[in-house]
*Asks:* 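The structure under discussion is supplied below as structure tokens; questions concerning it will follow.
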Amino acid sequence: MIKPDAVGRRLCGEIIRRYEAKGLKLVGMKLQIVSRELAEKHYAEHAGKKFYDGLMAFIMSGPSIQMVWEGENAVAVVRKLNGATNSQEADLGTIRGDYGLTVQNNLVHASDSGETAAREIAIYFAPGELWDYSMPDGHWLVN
Ligand SMILES: Nc1ncnc2c1ncn2[C@@H]1O[C@H](COP(=O)(O)OP(=O)(O)O)[C@@H](O)[C@H]1O
Ligand SMILES: [Mg+2]
């Protein structure tokens with residue numbers, strides 16, 4: 001997910017460019033202001049934590065972009081491209097390391113396992129909104 005801070009800072013193209021350049025394949029995408037219902041499902045694991053209320057307000061504060069990217073080890077690869085949760089600790093060269101300054105407003109979200117990905121994809125996408133296609137110029141990158 002491209003979070004509202006990144007949309008507001010006009011960083012969507014830069015973020016998508018990095019996933020594409022790595023060789024990942026985009027199979028689903030939408031822009032929306034996430035409803036409280038969806039935000040609660042998304043961040044259920046953090047309910048009750050001290051940063052939860054701020055996180056909920058932040059994630060609903062403006063449009064965000066939900067995406068599904070495919071590729072070999074896509075979960076680990078995307079998390080590596082995103083960088084550490086705390087933008088100040090994230091390595092330079094990662095999205096958070098290059099563009100973030102705080103823990104909460106860290107520009108991007110990524111699923112942390114295949115199971116989580118399946119759960120999170122189901123929150124935001126109907127099966128018919130994900131696309132199965134081959135890429136004419138580069139399908140070799142993702143088999
Ligand atoms: N200590 C914190 N203070 C404020 N916001 C936080 C804190 N920890 C996490 N967050 C926010 O909650 C999101 C979810 O946290 P977490 O799942 O731990 O990180 P990640 O997004 O790297 O998987 C983070 O991306 C960040 O926006
Ligand atoms: Mg997480």
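For this chain, numbers begin at 1 and follow the sequence in order. We count ligands from 1, going down the list as the structure has it; atoms in each ligand are counted the same way. Heavy-atom basis, side chains included; hydrogens, waters and symmetry copies ignored.
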*Asks:* Is the closest heavy atom of K3 to ligand 1 under 4.0 Å?
*Replies:*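 A heavy atom of K3 does come that close to ligand 1.
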*Asks:* Students should be able to answer this: which protein heavy-atom is nearest to atom 27 (O) of ligand 1, and at what distance?
*Replies:*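 Nearest neighbour among protein heavy atoms for atom 27 (O) of ligand 1, to 0.1 Å: Q104 O, 2.8 Å.
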*Asks:* Test your reading of the model: is there a side-chain donor-acceptor pair from K30 to the backbone of Y124, 3.5 Å cut-off?
*Replies:*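 A pair under 3.5 Å: yes.
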*Asks:* Closer than 4.0 Å to some heavy atom of N106 - which atoms of ligand 1 meet that?
*Replies:*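 That gives atoms 24 (C), 25 (O), 26 (C), 27 (O) of ligand 1.
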*Asks:* Going by an N to O cut-off under 4.0 Å, is there a salt bridge joining E20 and R17?
*Replies:*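 No, E20 and R17 are not salt-bridged.
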*Asks:* If Ile, Leu, Val, Met, Phe, Trp and Tyr residues are connected whenever their side-chain heavy atoms lie under 4.5 Å apart, and connections chain through other members, are M60 and Y52 in the same group?
*Replies:*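 Both belong to a single hydrophobic cluster.
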*Asks:* In terms of residue, atom name and distance, what is the protein heavy atom nearest to atom 18 (O) of ligand 1?
*Replies:*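 The closest heavy atom on the protein side is H46 CE1, 3.8 Å.
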*Asks:* For V103, state whether at least one heavy atom is located under 4.0 Å from any atom of ligand 1.
*Replies:*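 The answer is yes, since V103 has a heavy atom less than 4.0 Å from ligand 1.
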*Asks:* Looking at ligand 1, is there an atom of it that comes within less than 4.0 Å of some heavy atom belonging to R79?
*Replies:*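 R79 counts as a contact of ligand 1 under the 4.0 Å cut-off.
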*Asks:* At under 4.0 Å between heavy atoms, is it the side chain or the backbone of R96 that contacts ligand 1, or both, or neither?
*Replies:*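 The answer is the side chain.
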*Asks:* What protein heavy atom lies closest to atom 12 (O) of ligand 1? Include the residue and the distance to one decimal.
*Replies:*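 Ranking protein heavy atoms by distance from atom 12 (O) of ligand 1, first comes L55 CD2, 3.3 Å.
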*Asks:* State whether the side chain of S64 and the backbone N or O of P4 hold a donor-acceptor pair below 3.5 Å, judged by distance alone.
*Replies:*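 Side chain of S64 to backbone of P4, a donor-acceptor pair under 3.5 Å: no, none is there.
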*Asks:* Just go through Y43, Y52, F51 and tell me whose heavy atom is the nearest to atom 3 (N) of ligand 1.
*Replies:*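 Shortest heavy-atom distance from atom 3 (N) of ligand 1: F51.
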*Asks:* Kindly confirm or rule out an N or O of N105 lying under 3.5 angstrom from an N or O of ligand 1.
*Replies:*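 Not met; the criterion fails.
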*Asks:* Considering only heavy atoms of T85, which atoms of ligand 1 have at least one such atom less than 4.0 Å away?
*Replies:*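 Here the atoms of ligand 1 in question are 19 (O), 20 (P), 22 (O), 24 (C).
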*Asks:* Indicate whether any N or O donor in one side chain lies under 3.5 Å from an N or O acceptor in the other, for Y19 and N82.
*Replies:*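 Present: a donor and an acceptor within the cut-off.
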*Asks:* Given 3.5 Å as the limit, does a donor-acceptor pair link the side chain of R119 with the main chain of K41, or not?
*Replies:*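 Present.
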*Asks:* Could you tell me whether the side chain of N106 and the main chain of N86 form a donor-acceptor pair under 3.5 Å?
*Replies:*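 Answer holds: no.
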*Asks:* Is there a donor-acceptor contact under 3.5 Å linking the side chains of K3 and N105?
*Replies:*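 Looking only at side-chain atoms, N105 and K3 do not form any donor-acceptor pair under 3.5 Å.
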